[in-house]
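In each ligand, atom 1 is the first atom listed, and ligand 1 is the first ligand listed. When a residue number appears, it is its place in the shown sequence, counting from 1.
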Amino acid sequence: MSAAREHFGSRIGFILAAAGSAVGIGNLVSFPVAATKSGGGAFLLVYALFVFFICLPVMMAELALGRRTDKDPVGAYRQLSGGSRLWRIPGWFALITPFMIAVFYMVVTVWVLGYLVEIFKGNLTSLTTEAYFGEFINSKTVFVYLIALMLIINGVLSLGVRDGIERAAKTLMPMLFVMLVALVVFVLTRENAIIGVKYYLIPDFAKLSGEVVSKAMAQAFFSLSLGMGIMITYGSYMKKRDSIPGSAKAVALTDTLVAFTAGLLILPSIFHFNPQIDTATLSDSSAGMIFLFLPKIFLSLQDSIGYFGASIFAAAFFFLVFVAALTSLVSIIEVPIATLRDERGMSRKKAIYAVAAVQFVLAVCCAMSFGMADWLTQFITLAGSDKSFFDLVEILFYDTILPLNGLLVCIFVIYKWKRANFDKELQEGDKGFAGSLSQKYVNFSLGTFIPAILLLVFINTVMLKFFNTSLFNLI
Ligand code: PHE
């Protein structure tokens, strides 16, 4: 067993590392696209309400669980479950979920890396041809990129919490903020950019349906890296003197600001490309957007800044997405590593090798499920349609189990660990919390309507993904 637990060196170090986890492909691509298709400002409003009134208390609950126990998710649930075997199950969920989400997220990040390298080689034009994406993801080079990506992530992780995770976040996150703002400023000066801004910000409340609200909720939950054991693990690296409510608010705010700002980059670019665009035709999936649509948009910039300029812009964007994905992957892979260290007494190095070996095999299976291997491509039939191995991992862990994990955290913290103990942990390092409105809200909401909402999201997803119907069809 390792001697003393590792900790983040400073409060800002923790905030940047947790924000690094939260800011990912979800913020830079999925969020702007979802906002565009679902009522612009109306979606932004619903999303912001979800972040601050539903997700933020869940984040505090996860951080408190980790910091109280000084353990990984499996250990945290075990320690506070008072001998109940049943209550250990959420701990296992909080281990398997990040493990599997990391696998499919790694494959998408590998594609981002591949596109980035191609742009550097001067091949932006070829990325815009219809067939390119299909050829690229089925080429052997993806395995080379996968190995490179795993070396980078595990290289960071091998340096530990303070010298690896925290230092990487302190270097990469400020760089990400600066680059994002620079790209936004540039895009806003392009022709027709303002049409995109208007489209993004002006609320269209008619588009707010039950589906849209449920989508906003799922997006907010995923974006804050909840339900993945990450915040429990990172909470265990927090110092007692740091405020959990204060730090959680800073992370949620940063994450939301980055998502909002990304919209100011994507929307004006789309409308510069085509001011008459019908946004209903935009791809729903982030992958479709990143790999099929955005390269075309970036190439179109050559009319005003030349091919070289357009390539630089495209490279900067893909680099941004890559950095955001990298810091998210670092955080998510730290979860199983922490578990092996805490529960099995392994050294950090051994744990890294063990996790990487299994993840490599699974990631290869995911990468081969786009045509390279038939049995992986048509792995299973769900709700009447063929799903690949990649689809299955995404549907099971990202779509379905994530809200379930959130629900279990709320119930466990309030009713098993007990509200009073949780509250005491939140007051530790935060003198002003006792008696505050925030204290009353967090304690009440986590035991009542937040788990109820997460339960609805969970039921709706199961109906949607496995039975091709939805709660909203019943109403
Ligand atoms: N918050 C991340 C995002 O928005 C989600 C994530 C976290 C994904 C950690 C993988 C690992 O993309």
Side-chain angles (χ1 to χ4, degrees), residues 15-35 47 50-51 55-56 58-59 62 73 94-112 149-150 152-154 156-157 165 168-169 172-173 176 180 215-234 248 251-263 266 285-287 289-290 318 320-338 355 359 362-363 366 390 393-394 396-399 401-403 405-406:
I15 293 173
L16 286 175
S21 170
V23 171
I25 299 177
N27 301 59
L28 297 178
V29 187
S30 326
F31 175 83
V33 177
Y47 180 86
F50 277 143
V51 167
C55 296
L56 188 55
V58 180
M59 186 187 282
E62 292 199 8
L95 167 69
I96 299 164
T97 312
F99 190 89
M100 295 306 290
I101 288 184
V103 168
F104 90 79
Y105 206 83
M106 246 181 336
V107 174
V108 180
T109 309
V110 157
W111 300 339
V112 172
L149 176 69
M150 291 188 78
I152 300 174
I153 298 167
N154 290 304
V156 172
L157 287 170
I165 301 175
L172 295 175
M173 292 311 285
L176 184 141
L180 180 62
K215 191 159 102 182
M217 177 65 214
Q219 171 71 26
F221 201 79
F222 177 71
S223 186
L224 291 187
S225 297
L226 300 176
M228 310 185 198
I230 296 175
M231 293 300 161
I232 302 180
T233 309
Y234 273 20
V251 173
L253 192 68
T254 311
D255 185 61
T256 309
L257 275 178
V258 170
F260 175 75
T261 313
I266 303 277
S285 81
S286 310
M289 193 68 191
I290 305 178
F318 274 90
L320 207 63
V321 177
F322 180 67
V323 166
L326 198 64
T327 47
S328 294
L329 280 169
V330 163
S331 74
I332 207 165
I333 298 179
E334 174 64 13
V335 180
I337 290 173
V355 171
Q359 280 187 335
L362 290 169
C366 271
F390 178 96
V393 173
E394 182 171 4
L396 269 186
F397 294 97
Y398 162 47
D399 290 322
I401 300 189
L402 217 55
N405 287 345

- Item | Side-chain (E62) to main-chain (I230) donor-acceptor, under 3.5 angstrom | no

Taking C-beta and beyond as the side chain, do [X] and [Y] meet within less than 4.5 Å on heavy atoms?
X	Y	answer
M100	I401	no
L320	L176	yes
I266	L28	no
F31	V258	no

- Task: Quick one: list whatever passes side-chain contact (heavy atoms from CB on, under 4.5 Å) with I290, sequence neighbours left out.
- Result: I25, V29, F318

Would you mind listing which atoms of ligand 1 come within a distance below 4.0 Å of any non-hydrogen atom of [X]?
X	answer
S225	1 (N), 7 (C)
S21	1 (N), 2 (C), 7 (C)
Y105	3 (C), 8 (C), 10 (C), 12 (O)
S223	1 (N), 4 (O)
I230	9 (C)

- Of all residues at least two apart in sequence or in a different chain, which pass the ring pair (Phe, Tyr, Trp, His ring centres under 6.0 Å) check with F221?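 Counting only residues at least two positions away or on another chain, F221 forms no ring pair (Phe, Tyr, Trp, His ring centres under 6.0 Å).
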
Backbone or side-chain N or O of [X] under 3.5 Å from ligand 1 N or O:
X	answer
L329	no
L224	no
A22	yes
I25	yes

- Query: What distance separates M231 CE from S331 OG, expressed to the nearest 0.5 Å?
  - Reply: 7.0 Å

- Task: Just need the protein heavy atom nearest to atom 5 (C) of ligand 1, so name the residue and atom and give the distance.
- Result: F222 CZ, 3.4 Å

- Query: What protein heavy atom sits nearest atom 4 (O) of ligand 1, and how far away is it?
  - Reply: N27 OD1, 3.1 Å

